[in-house]
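Beneath this line is the structure, given in structure tokens, with notes to follow.
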Amino acid sequence: MTPVHFSFSSAFILGLTGLAFHRTHLLSALLCLEGMMLSLFIALALWALQLEAMAFSAAPMLLLAFSACEASAGLALLVATTRTHGTDRLQNLNLLQC
């Protein structure tokens, strides 16, 4: 495994473990998701450059567009949650209560 592949896979694993074990605030969970998406974007872009195939060159831009949509939806949920509950702590959210 090259150092470049190791750094991107470790960045993804670090975001995944942060999402799995540090779930106190909604903002920290959203930041872990963004870190995972950015590491996937960079890895996919480097993969497309290494293969030198024009068919895969649009895939990183599509992933970046979906990541931007995911970030805007997450921030909208964060604002709505903070307005209704007064905090972004995930322990205060009850998904069974309307």
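With respect to D88, the side chain to side chain contact (heavy atoms under 4.5 Å, CB included) criterion is satisfied by exactly one of L30, L78, L77: L78. Of the candidates L40, L44, L49, P60 forms a side chain to side chain contact (heavy atoms under 4.5 Å, CB included) with just one, namely L44.
Hydrophobic clustering places I13 together with M36 (ILVMFWY residues linked when any side-chain heavy atoms are closer than 4.5 Å, directly or through intermediates). With hydrophobic clusters built from ILVMFWY side chains whose heavy atoms lie under 4.5 angstrom apart, V4 shares a cluster with F41. Hydrophobic clustering (side-chain heavy atoms under 4.5 Å, transitive across Ile, Leu, Val, Met, Phe, Trp, Tyr) groups L51 together with I42.
C32 approaches G15 most closely through the heavy-atom pair CB-O, 3.6 Å.
Residue L27 holds its CG atom at 10.5 Å from CD of E34, rounded to the nearest 0.5 Å. Put simply, CG on L14 and CG on L19 are 11.5 Å apart, with the number rounded to the nearest 0.5 Å. Here OG1 of T82 is found 12.5 Å from CZ of R89. Values are rounded to the nearest 0.5 Å. Atom CG of L16 and atom CG of L33 lie 9.5 Å apart (nearest 0.5 Å).
Environment of CD in Q50: crowded, with over 12 heavy atoms of neighbouring residues, nucleotides or ligands closer than 6.0 Å.
Using a 3.5 Å distance cut-off with no hydrogens or angles, the side chains of T2 and H5 do pair a donor with an acceptor.
Between L46 and F8, the closest side-chain pair of non-hydrogen atoms falls below 4.5 Å. For the pair H25/L90, no side-chain contact is recorded, criterion being any heavy-atom separation below 4.5 Å from C-beta on.
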